[in-house]
Amino acid sequence: MKPFPRAEISSRALQHNLARLREIAPASKVIAVVKANGYGHGSLNVAKSLSSADGFGLARLEEALELRAGGVTAKLLLLEGFFRSTELPLLVEHDIDTVVHHKSQLQMLEQAKLDKPVTVWLKVDSGMHRLGFRSDEFAEVYQRLLDCPQVAKPINLMTHFACADEPDNDYTRKQLEHFNQLTAGLDGDRSLANSAGALYWPSSQQNWIRPGIALYGVSPVVGDRGANHDLQPAMSLVSQLIAVREHKAGESVGYGSFWRSSRDTRLGVVAIGYGDGYPRNAPEGTPVLINGRRVPVVGRVSMDMLTVDLGPDARDAVGDDALLWGPALPVEEVAAHIETVAYELVTKLTPRVAVCLD
Ligand SMILES: *Cc1c(COP(=O)(O)O)cnc(C)c1O
């Protein structure tokens with residue numbers, strides 16, 4: 001008996017998506033971004049499925065250590081770098097690359113005594129204005145890293161895009177030019193592109209792309225679908241009907257009693273709710289796929305359950321599968337109903353959802 005709700009992860013889809021990204025960016029190596037538990041897919045599942053990736057990107061040291069403990073030997077990169085000096089010896093011990101985006105990190109490196117130098121990726125703020133050094137600080141920081149014995153040479157260079165998911169937005173071209181100009185002639189590898197950069201801005205691909213969402217088969221662009229890029233959704237979020245009920249016209253359902261049926265119908269109760277990470281604010285009409293039909297969520301999503309209107313002629317039964325998203329119901333479509341992005345839906349699943357790798 002399979003548990004439910006469960007997130008079924010297709011290692012074949014993950015592998016297909018990596019191969020597809022290599023086709024899209026043939027000259028680039030790939031840092032597969034598996035932060036936030038592999039965007040909800042299980043970071044170790046993803047790393048094992050994608051053992052041919054050139055490296056993995058994480059947001060926190062703990063995430064990187066989890067991969068090392070799970071036997072992953074590939075290159076690992078902390079996308080926001082280290083936060084405390086006590087993390088530096090662990091970077092050395094476990095051979096983890098770090099981004100350097102702030103002078104506090106530079107100081108910690110200069111004051112550290114390490115057994116081996118650390119591989120760093122110097123982050124330039126080319127226009128995102130979240131992390132990274134501004135152009136007027138860049139030369140000084142670069143020189144200090146060169147002079148720092150705790151830092152391996154050459155120094156790698158990176159930046160991050162603010163608007164790469166808007167294919168018509170010229171801001172990305174400006175960021176790209178800014179980065180290229182600032183780093184011209186320097187040694188070291190370069191990495192600029194997230195998924196959207198890799199898909200829409202080929203000149204940003206350079207030495208290393210850093211795709212996250214595209215590896216999971218999801219498009220980074222609102223209104224778009226992974227399938228439009230020949231990417232395959234890697235996650236199917238599946239639960240079951242635990243009740244099918246006769247429902248009379250005019251009756252309400254659930255907390256707040258705000259939805260009322262205009263007709264006699266059958267309602268289905270699906271065992272998934274906000275306690276599993278399915279958003280409470282999913283409005284009426286958010287689709288759920290049951291026996292090949294898209295049926296609408298009605299009433300308020302509760303902690304452990306949600307209700308759908310199966311229709312008056314429904315023949316669905318207790319125990320039937322309900323797909324919340326997956327290849328036949330793209331997570332991008334569900335996200336559009338909930339007015340969020342697919343990134344948030346897949347990442348927010350709670351530990352109550354069993355993550356099963358096939
Ligand atoms: C999360 C992250 C990525 C991956 O972004 P996607 O849009 O999921 O491809 C790439 N680079 C950095 C620095 C990140 O933080």
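Note that these values count all heavy atoms, side chains included, but never hydrogens, waters or copies made by symmetry. Numbering of ligands and ligand atoms starts at 1, following listing order. A quick note: this is a predicted structure, and the numbers were derived from the prediction, not measured.
- Aromatic ring centres of His41 and Tyr216: separated by under 6.0 Å.
- Paired with Asp309 under the rule side chain to side chain donor-acceptor pair (under 3.5 Å), one option of Arg266, Arg263, His247 passes, and it is Arg263.
- Linking ILVMFWY side-chain heavy atoms closer than 4.5 Å, directly or via other members, places Val92 and Leu88 in a single hydrophobic cluster.
- Met128 and Trp201 end up in different hydrophobic clusters when Ile, Leu, Val, Met, Phe, Trp and Tyr side chains are linked at under 4.5 Å.
- There is a side-chain donor-acceptor pair under 3.5 Å between Gln206 and Asn180.
- By the 3.5 Å distance cut-off applied to N or O atoms, Gly212 is counted among the residues near ligand 1.
- If you look at His229 and Tyr200, their ring centroids are closer than 6.0 Å.
- Remark: minimum distance from atom 2 (C) of ligand 1 to any protein heavy atom is reached at Lys35 NZ, 2.6 Å.
- Looking at atom 11 (N) of ligand 1, its nearest protein heavy atom turns out to be Arg210 NE, 2.9 Å.
- Ligand-side atoms of ligand 1 in range of Ile213: 6 (P), 8 (O), 9 (O), range being under 4.0 angstrom from any heavy atom.
- Ranking the protein heavy atoms by distance from atom 7 (O) of ligand 1 puts Tyr343 OH, 2.6 Å first.
- Looking only at heavy atoms of the protein, atom 12 (C) of ligand 1 is closest to His160 CE1, 3.4 Å.
- By the 4.5 Å heavy-atom criterion applied to side chains, Leu67 and Phe56 are counted as neighbours.
- For atom 9 (O) of ligand 1, the nearest non-hydrogen atom of the protein is Ser195 OG, 2.5 Å.
- Residue Pro211 places a heavy atom under 4.0 Å from ligand 1.
- Of all the atoms in ligand 1, the ones that sit under 4.0 Å from a non-hydrogen atom of Tyr39 are 1 (C), 4 (C), 5 (O), 6 (P), 8 (O).
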